[in-house]
Amino acid sequence: MENFTPFSALVGGAIIGLSAVILLLFKGRIAGVSGIVGGVLLPTSGDFFWRVLFVIGLIAGGMFYQLFGGSTENIQPVVSAPLLMLAGLLVGIGTTLGSGCTSGHGICGISRLSIRSIVATVVFMLSGIATVFIVRHVFGA
Amino acid sequence: MKQASRNLVAVLAGVLFGLGLSVSQMIDPAKVINFLDLFGNWDPSLAFVMGGALAVNLVATRFILRRPRPVFDSTFRLPTKKDLDVKLISGALLFGVGWGLAGYCPGPMMSSLSFADGTILIVVASYLTGTFLTKWFLKQQDHESVKKDQACVG
């Protein structure tokens, strides 16, 4: 537990929460990243541009963090390229099939007390935990 | 004017989201994997990210959804499905495996493009490919079932 950072986690979480509140209050939309990105890739008419703006904002937000002195120096992928490719594919397929990710289900859906989102969040948390267990403690990677 | 405000809201929400992911260090896949590593070197920090976000949203969402409509738009567009179907469960299952393998979920992945090196591009590109193919496949399936329904009616 040497890297336990509850304070920055709580503050960052609250900022993410504020983002979701703003999107819902002003635009009536769910701040689910997988859903927003999916709508950029296969758009329906009149429902494209705001999604692009949101994604640009996501990247710009990371840049602001660095501008304000946040460091990303030591952050890098922790697995090899083939595993990154497999992981990316699974995340894309899974979030599309399951209609959401950590943000859409885990934050917005649970806040609406959606049963689907609560179940999805429990399932992806458990399968994530099981995956790390198998990779780290069974195969010892 | 209204269009400009709508666009501004989308950018602002995105920026805050990206900033929150960075401040909370969700953009660090090593930290994400340590959070999922309950039986090893467990780092519970990321539970606090969700806690912080939920604290704000659980309260605010109730009040917002009492409004007749959002400030800059005509309707709230919320998911309408209620059933726990195979797609939801299998999708969440696959997503969890991908998340646990590399430590990236979609938000942090996109935000990481702010300091991307080549390897981050690999995970983003395959995520976008997986999303596109699955969306396309689901769309085809929808068309098929509509055709079948029409055939029955005819």
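In what follows, every chain begins at residue 1, and chains take the letters A, B, ... in the order their sequences are listed.
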**Student:** Counting only heavy atoms closer than 4.5 Å, note whether Ser8(A) contacts chain B via side chain, backbone, both or neither.
**Tutor:**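 Backbone plus side chain of Ser8(A), per the 4.5 Å heavy-atom cut-off to chain B.
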**Student:** Counting only N and O atoms by type, is there a donor-acceptor contact under 3.5 Å from the side chain of Thr131(A) to the main-chain atoms of Gly100(B)?
**Tutor:**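 Checked: no pair found.
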**Student:** Could you walk me through whether Phe48(B) and Phe4(A) pass ring-ring contact (aromatic ring centres under 6.0 Å, His included), step by step?
**Tutor:** CA-CA 10 Å; Phe48(B) 287 74; Phe4(A) 185 43; 5.5 Å; yes
**Student:** So which residue, Val119(A), Val132(A), Leu58(A), ends up with the most heavy-atom pairs under 4.5 Å with chain B?
**Tutor:**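 Answer, by heavy-atom pair count under 4.5 Å with chain B: Leu58(A).
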**Student:** Heavy-atom distances under 4.5 Å only: say whether Gln66(A) touches chain B with side chain, backbone, both or neither.
**Tutor:**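 For Gln66(A), the contact with chain B is made by the side chain alone.
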**Student:** Is it the side chain or the backbone of Phe35(B) that comes within 4.5 Å of chain A heavy atoms, both, or neither?
**Tutor:**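 The side chain, not the backbone.
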**Student:** Please classify the contact of Leu89(A) with chain B as side chain, backbone, both or neither, using a heavy-atom distance under 4.5 Å.
**Tutor:**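 Both backbone and side chain of Leu89(A) come within 4.5 Å of chain B.
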**Student:** Examine whether an atom of Arg6(B) lies under 4.5 Å from a heavy atom of chain A, and if so say whether it belongs to the side chain, the backbone or both; otherwise answer neither.
**Tutor:**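 For Arg6(B), backbone and side chain are both near chain A.
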**Student:** Report which part of Ala55(B) has an atom under 4.5 Å of a heavy atom belonging to chain A: side chain, backbone, both, or neither.
**Tutor:**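 It is neither, since no heavy atom gets under 4.5 Å.
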**Student:** Given heavy-atom pairs under 4.5 angstrom as the criterion, report whether the side chain, backbone, both or neither of Phe49(A) touches chain B.
**Tutor:**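 Contact with chain B involves the side chain of Phe49(A) alone.
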**Student:** If you take all heavy atoms of Cys101(A) and Thr95(A), which pair is closest and at what distance?
**Tutor:**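 Cys101(A) and Thr95(A) have their closest heavy atoms at CB-CG2, 3.6 Å.
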**Student:** Which atoms of Leu8(B) are under 4.5 Å from chain A, going by heavy atoms: the side chain, the backbone, both sets, or neither?
**Tutor:**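 Interface part for Leu8(B): neither.
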**Student:** Measure from the side-chain N and O atoms of His105(A) to the backbone N and O of Gly98(A), and report whether any donor-acceptor pair falls under 3.5 Å.
**Tutor:**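 Yes, the answer is positive, given that a donor and an acceptor are paired below the 3.5 Å cut-off.
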**Student:** Less than 4.0 angstrom from a charged side-chain N to a carboxylate O is my criterion; do Asp73(B) and Arg29(A) meet it?
**Tutor:**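 The answer is no: the pair does not qualify as a salt bridge.
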**Student:** Compute whether any side-chain donor of one residue and acceptor of the other, for Asn57(B) and Arg62(B), lie under 3.5 angstrom apart.
**Tutor:**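 No pair is found: no donor N or O on one side chain lies under 3.5 Å from an acceptor on the other.
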**Student:** Who wins among Lys139(B), Lys135(B), Gln25(B), Arg69(B) for the most heavy-atom pairs under 4.5 Å with chain A?
**Tutor:**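 Going by pairs under 4.5 Å, I would pick Lys135(B).
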**Student:** Around atom CZ of Phe72(B), are there more than 12 heavy atoms of other residues, nucleotides or ligands at under 6.0 Å?
**Tutor:**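 Result for CZ/Phe72(B): enclosed.
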**Student:** Quick one: which of Gly94(A), Gly92(A), Gly12(A) has the most heavy-atom pairs under 4.5 Å with chain B, could you say?
**Tutor:**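 The residue among Gly94(A), Gly92(A), Gly12(A) with the greatest pair count is Gly92(A).
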**Student:** Under 4.5 Å from any heavy atom of chain A, what part of Leu65(B) do you find: side chain, backbone, both or neither?
**Tutor:**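 Leu65(B) touches chain A through side-chain heavy atoms alone.
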**Student:** Where does Met110(B) contact chain A at under 4.5 Å (heavy atoms): side chain, backbone, both or neither?
**Tutor:**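 Both parts, backbone and side chain.
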**Student:** Mind checking whether Phe39(B) and Phe133(A) have parallel, tilted or perpendicular rings, split at 30° and 60°?
**Tutor:**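 Phe39(B) and Phe133(A): perpendicular rings.
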**Student:** Is it the backbone or the side chain of Val55(A) that comes under 4.5 Å from a heavy atom of chain B, or both, or neither?
**Tutor:**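 The side chain, not the backbone.
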**Student:** Count the heavy-atom pairs under 4.5 Å between each of Leu23(A), Thr5(A), Val78(A) and chain B, then report the option with the highest count.
**Tutor:**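 Winner by heavy-atom pair count: Thr5(A).
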**Student:** Please confirm whether the backbone N or O of Gly35(A) pairs with a side-chain atom of Arg51(A), one donor and one acceptor, at under 3.5 Å?
**Tutor:**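 Between the backbone of Gly35(A) and the side chain of Arg51(A) there is a qualifying donor-acceptor contact (under 3.5 Å).
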**Student:** Identify which part of Leu21(B) has an atom lying under 4.5 Å from any heavy atom of chain A, answering side chain, backbone, both or neither.
**Tutor:**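 Looking at Leu21(B), backbone and side chain both touch chain A.
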**Student:** Among Tyr65(A), Phe64(A), Phe68(A), Phe7(A), which residue forms the greatest number of heavy-atom pairs with chain B at distances under 4.5 Å?
**Tutor:**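 Most heavy-atom pairs within the cutoff with chain B belong to Tyr65(A).
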**Student:** Just give me the residue among Leu113(A), Ile115(A), Thr121(A), Ile107(A) that pairs up with chain B most often, heavy atom to heavy atom, under 4.5 Å.
**Tutor:**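 That would be Ile107(A).
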**Student:** For Lys31(B), is it the side chain, the backbone, both, or neither that has a heavy atom closer than 4.5 Å to a heavy atom of chain A?
**Tutor:**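 The side chain, not the backbone.
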**Student:** Rounded to the nearest 0.5 Å, how far apart are CE of Met109(B) and OG of Ser34(A)?
**Tutor:**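 It comes to 10.0 Å.
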**Student:** Should Lys27(A) and Pro70(B) count as side-chain neighbours, where that means a heavy-atom distance under 4.5 Å?
**Tutor:**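 Heavy-atom side-chain distance check fails, nothing below 4.5 Å.
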**Student:** Between Ile30(A) and Pro79(B), is there a side-chain heavy-atom distance shorter than 4.5 Å?
**Tutor:**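 Yes, their side chains come closer than 4.5 Å.
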**Student:** Please look at Ser111(B) and chain A and tell me whether the side chain, the backbone, both or neither of the residue comes under 4.5 angstrom of a heavy atom of that chain.
**Tutor:**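 For Ser111(B), heavy atoms of backbone and side chain both lie under 4.5 Å from chain A.
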